[in-house]
Amino acid sequence: MFPDYDIIVVGGGHAGCEAAAASARMGSKVLMITLNLATIAQMSCNPAMGGVAKGQIVREIDALGGYSGIVTDHTMVQFRMLNLSKGPAMWSPRAQSDRVLFAAKWKSMLEQIPNLDFWQDSVTELIVSNDKVVGVKTKHGLEFLAKSVIITSGTFLNGSIHIGRKSFSGGRLGEAPSSGFTQNLIKYGIESERLKTGTPVRVDGRTIDFSRLIEQPGDKNPGKFSFLDTPVLKKQLSCYLAYTDESVHDILRTGFDDSPMFAGRIQGSGPRYCPSIEDKIDRFSDKDRHQLFIEPEGWTSIEYYVNGFSSSLPLEVQYKALGNIPGFEKSKILKPGYAIEYDYFPPTQLDFTLESKKVGNLYFAGQVNGTTGYEEAACQGLMAGINAHLKIHNQEPFILKRSEAYIGVLIDDLITKGTKEPYRMFTSRAEFRILLRQDNADSRLTRKGYELGLATQERLDRLNEKEFLIQKIQDTIHSHKTLPDEINPYLTERGSSAIPVKTSVQKLLLRPQVTVKGLLENIPSLSDELAAIVSYDVFDEALESAEIAIKYKGYLDREREMAEKISKLENTKLRADFDYSQLKSISNEGREKLQKIKPRTIGQASRISGISPSDISVLLIHIGA
């Protein structure tokens, strides 16, 4: 009745969408099985993409040929580049999306992929033969056969929702969980644990007094995520800031006795960096207020998302506390805040391709690996989809190094260190973050995406054009000089010291107060020399990258040198079948962790928690390195 498939993707969230799109576009016959075809790519939490480090991930997904950036550009209602007051390594794009349009755009793009089929159902069992997955069984009693399976079930595996003393099954509010699948996976030796996350109340915007909030408009000249020629935002919706105070905290404390978190009814660990409001009050009792971000759900929606007010307290406590926040005195709640507890599978059980070490051709991506956030999920889905396709076609795996992408940092952290709480990406997790900027994701990854068959010729052409312009701009700046009378008014205006003699433009650009656009506006000869390339679509992108390359050359050279040194350790391979128990010179903890994780390289082994430098020395001696 049903055809056999190359790849089955279990789940239709952000990881599942990128996995299905990538593998199908690379040529595999793919089936996506999801509980509800109407909720594909649902933004379960806040209606936003990007943010600190997360924005870099979205640009990396796009550079490789993934869809998240394109979908965001077509559906955003606001764009902001965060951290512009800091160095370019910290600049992070973030967009508010129209929740309904976002999911609709994703679904439309998936439906245009010829090799991709859909089925609404719940997967309950794997079909395994000779320690390799060969298909799945569903709740409807059907069997689908495939060469590979990618599990992207999000928070739906044995999901349990908590609101005060009330607990009930659910993958999201109003949606049924997936039951029984975890127990089936455990049968094959796959370990499972529990995590917890939460979401805040949604409020009727018609009942909010925005005049009492602090408006947070989008950027005056909004950017975008995709390196392609996607739409530029013409109008924007504002977000708003609000604050709790001690009166709000006192009301929230009245519900602590009924809190499932404090009462111990929630066993899973919650997110350290996005805690519930009650957790914040408890952990940061010295703080007399907490910031809230009031975010619109879309162009025509009345719903607003109260970011920072995640809670699993009784609804009446949530309602009363919210009403004490200035601007929310007459507010009406449309959906309660709640906590959700779900199964995940510690990612140390996976290889760098995100394939299971226990069951061949079985991949895991997204929140089932212990991450939190759409962006972290999407990039794992993309990598799992790529590698599942490559493996069944007998091609070399695709693995990104920590020095190549935030995606590489994320997967290395998960596989090497594991996680006991929802993992969230930050710029501080990347030791090469000056190299891994949002502006150069295409230079780092688009050629790789093109070789995989994901990045299009159009992407490659735009990259080649951009890199030609970057070089042209750099060469022009390096060779150009300016006179004091020409540039001193600009320097004085910017609070920079005047020059007494003719000076190199490159030297001036090294000053923190000076920008390349300022130089172009004040040095006619420089502007004239670049006039022929200003009309190129990617000129502004090239100008930004060229300025960064000149201003931060010393830092960039130092990081590249460090990355090359570390790559020597990454290239020192360790055998997958190596028996670490024989290394008596290594500590018991070291032997146990090495035996469990089975690192691929000396570099990975050195990052395992509990492995000391002396342990690495023993390994190097043993393998004769």
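Owing to the predicted nature of the structure, the values given are computational and were not obtained by experimental measurement.
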* Asked: Do we see a donor-acceptor contact under 3.5 Å between the side chains of Gln380 and Asn369?
  -> yes
* Go through the structure and list residues passing ring-ring contact (aromatic ring centres under 6.0 Å, His included) with Phe210, not counting sequence neighbours. => Tyr240, Tyr304
* To do: Please determine if Glu60 and Arg444 form a salt bridge, counting it only when a charged side-chain N lies under 4.0 Å from a carboxylate O.
  => yes
* Scan Leu463, Asn464, Asp62 and name whichever one has a side chain to side chain contact (heavy atoms under 4.5 Å, CB included) with Thr446. => Leu463
* Output the distance between atom CE (Met76) and atom CG (Asp73), rounded to the nearest 0.5 Å. => 4.5 Å
* Compare all side-chain heavy atoms of Leu64 with those of Leu454 and state whether any distance is below 4.5 angstrom. => no
* What's the spacing between Glu341 CD and Arg194 CZ if we round to 0.5 Å? -> 4.5 Å
* To do: Tell me yes or no: between the side chains of Ser238 and Gln216, is some donor less than 3.5 Å from an acceptor?
  => no
* Does the side chain to side chain donor-acceptor pair (under 3.5 Å) test come out yes or no for Tyr67 and Arg25, once each step is laid out? -> CA-CA 11 Å; Tyr67 280 175; Arg25 290 172 59 223; 3.2 Å; yes
* To do: Please determine if Arg462 and Asp442 form a salt bridge, counting it only when a charged side-chain N lies under 4.0 Å from a carboxylate O.
  => no
* To do: List for me each residue that meets ring-ring contact (aromatic ring centres under 6.0 Å, His included) alongside Tyr374, sequence neighbours excluded, and say none if there are none.
  => His14
* Looking at Arg447 and Glu451, does any basic side-chain N land under 4.0 Å from a carboxylate oxygen? -> no
* Any Lys/Arg nitrogen of Lys357 or Asp351 sitting under 4.0 Å from an Asp/Glu carboxylate oxygen of the other? -> no
* Yes or no on side-chain contact (heavy atoms from CB on, under 4.5 Å) for Lys105 and Ser97, after CA distance, side-chain angles and deciding distance? -> CA-CA 11 Å; Lys105 180 64 177 178; Ser97 288; over 6 Å; no
* Listed by chain and number, what are the ring-ring contact (aromatic ring centres under 6.0 Å, His included) partners of Phe156, not counting sequence neighbours? -> none
* Structure fact -> The side chain to side chain donor-acceptor pair (under 3.5 Å) partners of Tyr423 (sequence neighbours excluded) come to Asp413
* Between Glu295 and Arg94, is there a side-chain N and carboxylate O pair less than 4.0 Å apart? -> yes
* Hey, what do you get for CG (Leu292) to SG (Cys239), rounding to the nearest 0.5 Å? -> 13.0 Å
* Asked: Hey, does the Lys NZ or Arg CZ of Arg289 hover above the aromatic six-ring of Tyr243, less than 6.0 Å from the centre and inside 45° of the axis?
  -> yes
* Glu303/Lys335 ion pair, N-O < 4.0 Å -> yes
* **Flag for Ser92-Gln438: side-chain donor and acceptor within less than 3.5 Å** => no
* State which residue, out of Arg558, Lys401, Arg402, fulfils the salt bridge (Lys or Arg N to Asp or Glu O under 4.0 Å) condition with Glu431. => Arg402
* Flag side-chain contact, heavy atom, 4.5 Å: Ile61 against Glu375 -> no
* **CA sep, side-chain torsions, deciding dist, call: Val203, Tyr305, side-chain contact (heavy atoms from CB on, under 4.5 Å)** => CA-CA 7 Å; Val203 178; Tyr305 182 93; over 6 Å; no
* Test side chain to side chain donor-acceptor pair (under 3.5 Å) on Gln367 and Thr372 and set out the steps. => CA-CA 6 Å; Gln367 283 184 280; Thr372 180; 4.7 Å; no
* Would you please name every residue forming a ring-ring contact (aromatic ring centres under 6.0 Å, His included) with His290, sequence neighbours left out? => His249
* Validate the cation-pi geometry between Arg59 and Phe227: distance from NZ or CZ to the six-membered ring centre under 6.0 Å, angle to the ring axis within 45°. => yes
* **Separation between CD of Glu215 and CG of Leu241, rounded to the nearest 0.5 Å** => 10.0 Å
* Does Arg607 come within less than 4.0 Å of Asp412, counting only side-chain N to carboxylate O? -> yes
* **Heavy-atom side-chain contact between Arg560 and Leu435 under 4.5 Å** => yes
* State, without any angle test, whether Asp439 and Ser545 hold a side-chain donor-acceptor pair at a distance under 3.5 Å. => yes
* Heavy atoms, side chains only, cut-off 4.5 Å: are Val538 and Leu469 in contact? -> yes
* Is it true that Glu559 and Arg433 make a salt bridge, defined as a side-chain N closer than 4.0 Å to a carboxylate O? -> no
* To do: Report the C-alpha distance between Ser312 and His162 in whole Å, list the side-chain angles of each, state the deciding distance to 0.1 Å, and finish with yes or no for side chain to side chain donor-acceptor pair (under 3.5 Å).
  => CA-CA 6 Å; Ser312 60; His162 302 270; over 6 Å; no
* Report the C-alpha distance between Asp343 and Thr182 in whole Å, list the side-chain angles of each, state the deciding distance to 0.1 Å, and finish with yes or no for side chain to side chain donor-acceptor pair (under 3.5 Å). => CA-CA 7 Å; Asp343 295 339; Thr182 299; 2.7 Å; yes
* salt_bridge(Glu547, Lys517) N-O dist < 4.0 Å -> no
* To do: Give a yes-or-no answer on whether the side chains of Arg202 and Thr199 include a donor-acceptor pair shorter than 3.5 Å.
  => yes
* Are Arg424 and Glu376 close enough for a salt bridge, meaning some N to O gap below 4.0 Å? -> no
* Asked: According to the ring pair (Phe, Tyr, Trp, His ring centres under 6.0 Å) rule, which pairs have a member within residues 428-452, sequence neighbours left out?
  -> none
